[in-house]
There are 2 protein chains.
Amino acid sequence: MQTRLKNRKEQIVEVAMDLLQTHGFENFSYLDIANQLSITKASIHHHFAKKEDLGVALCRAIHDWHRQEFGKILTSNKSAPEKLDIYINGMLRFACGKNKICPLSSLQVDVASLPEAMRIELKALDEHELEFIAQVLAQGKQESDFNFVGEANHQAILVVIALKGALQYSRVHGDYIFEQTMAQINQLLVNK
Amino acid sequence: MQTRLKNRKEQIVEVAMDLLQTHGFENFSYLDIANQLSITKASIHHHFAKKEDLGVALCRAIHDWHRQEFGKILTSNKSAPEKLDIYINGMLRFACGKNKICPLSSLQVDVASLPEAMRIELKALDEHELEFIAQVLAQGKQESDFNFVGEANHQAILVVIALKGALQYSRVHGDYIFEQTMAQINQLLVNK
DNA sequence: GTCTATAGCTAGATAGAC
DNA sequence: GTCTATCTAGCTATAGAC
């Protein structure tokens, strides 16, 4: 646990992220966070006066994480299949351990109840991610590692949606769903 | 509105289903339903003593709907592409109008907070749906309307996950996501 | 920065009259 | 079958002491 090296504010965001991925934003309380950190609700309010503020902080944390990881992957000299693998097995599966889903999927489903500020962040984060995958797929097609039909940004939508959906299904039905979806995606990207 | 022809219990389930698809099970209250039907919370409790009972009723309603529609489609003499089209445009898009997602997707995301009885129902409903799509895909392959690689039940997972995920994304990003995902799925099923 | 205490609200749920 | 009234518990949020 590197938790002890982080300041309180970062610890709160870390615990909140976990709760977002397991229970959803409208479905965890300041008390849940307080209990895990052995402090009181009032202390959380000191750092994030309103829950909406915490929600925006969660979005910013995802944003920073995307910027860092996507940048690192895109500027590397790896092949497109390798880049996709880092995204899937290094990012998605690392962030979404047992019984967790992608935090963006979690926010999407609660979108009707979310404050406006969070909805705007969510949309931008999704678009950012889709654009990243589209770039990787385009590289793969250009270098003949991938051989899918149609535009890279159309294919990117299918790939991202399938990966996120597979995480949702896996929580209910077991990990084999993710494995099989991955295999299908590989097959359709290589197309032979 | 055929609402007036239904009894109160059915009306409650109908309103609850809409709220499930827009806000999620843990995110609507008996008061929300009561207001829409112009009755009181206590009246809802008369029909469904606990919210868990209402949740199970929602699962049963989805089950009945599946049984009826899947049976009608499977026993028809239509081609596999036609059957898939009825499922997508007749069922999914009918049930999931503007700003609604599939009720099963909604339950999946809240699964950590759901009562055990609902979790069991949810899993069975998902499996039922996957098996139905697998049957349609298998028919399509046998009749050479579809030409995907691999097992029908593996491909079914990808198709269902992509459709449900596209509905989630469409609510945040607009209907074009669903259109493009549909087009990609068609292409990968026909595979040429 | 963390605490106790509490306000104000809404949730699910129950009792009992009509 | 629907109502009013009420209970308990949980939530977000604030005030003020340390």
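In what follows, chains are A, B, ... by sequence order, proteins preceding strands, each numbered from 1. All values reported here derive from a predicted model rather than from experimental measurement.
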Interatomic distance where [atom1] belongs to [X] and [atom2] belongs to [N] [whole Å]:
X: Leu54(A); N: dA13(D); atom1: CG; atom2: P; answer: 10 Å
X: Ile39(A); N: dT2(C); atom1: CD1; atom2: P; answer: 6 Å
X: Leu37(A); N: dG1(C); atom1: CG; atom2: P; answer: 14 Å
X: Asp32(B); N: dT10(C); atom1: CG; atom2: P; answer: 11 Å
X: Ile33(A); N: dA13(D); atom1: CD1; atom2: P; answer: 12 Å
X: Ile12(A); N: dT12(D); atom1: CD1; atom2: P; answer: 13 Å
X: Asn27(A); N: dT12(D); atom1: CG; atom2: C1'; answer: 15 Å

Below 4.0 Å: OP1/OP2 of [N] and any side-chain N or O of [X]:
X: Ser43(B); N: dC3(D); answer: yes
X: Thr40(A); N: dC3(C); answer: yes
X: His46(A); N: dA13(D); answer: no

Applying salt bridge (Lys or Arg N to Asp or Glu O under 4.0 Å) as the test, list every pair that has at least one member in residues 157-184 of chain A; sequence neighbours left out. Arg93(A)-Asp175(A), Arg93(A)-Glu179(A), Glu129(A)-Lys164(A)

Give every residue pair that meets the salt bridge (Lys or Arg N to Asp or Glu O under 4.0 Å) criterion with at least one member in residues 30-51 of chain A, sequence neighbours excluded. none

Summary of ring-ring contact (aromatic ring centres under 6.0 Å, His included) pairs that have at least one residue in residues 34-57 of chain B, sequence neighbours excluded: Tyr30(B)-His45(B)

May I have the list of side-chain donor-acceptor pairs in residues 54-74 of chain A shorter than 3.5 Å, sequence neighbours left out?
from, atom 1, to, atom 2, distance (Å)
Arg60(A), NH1, Glu121(A), OE2, 2.7
Arg60(A), NH2, Glu121(A), OE2, 3.3

Taking protein heavy atoms under 4.0 Å as touching, what does nucleotides 12-18 of chain C look like 5' to 3' if B marks base contact, S marks sugar-phosphate-only contact and - marks none? BBB----

Around atom CD of Glu127(A), are there more than 12 heavy atoms of other residues, nucleotides or ligands at under 6.0 Å? yes

Excluding sequence neighbours, so at least two apart, what forms salt bridge (Lys or Arg N to Asp or Glu O under 4.0 Å) with Asp18(B)?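 If we apply the salt bridge (Lys or Arg N to Asp or Glu O under 4.0 Å) test to Asp18(B), skipping adjacent residues, the hits are Lys100(B).
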
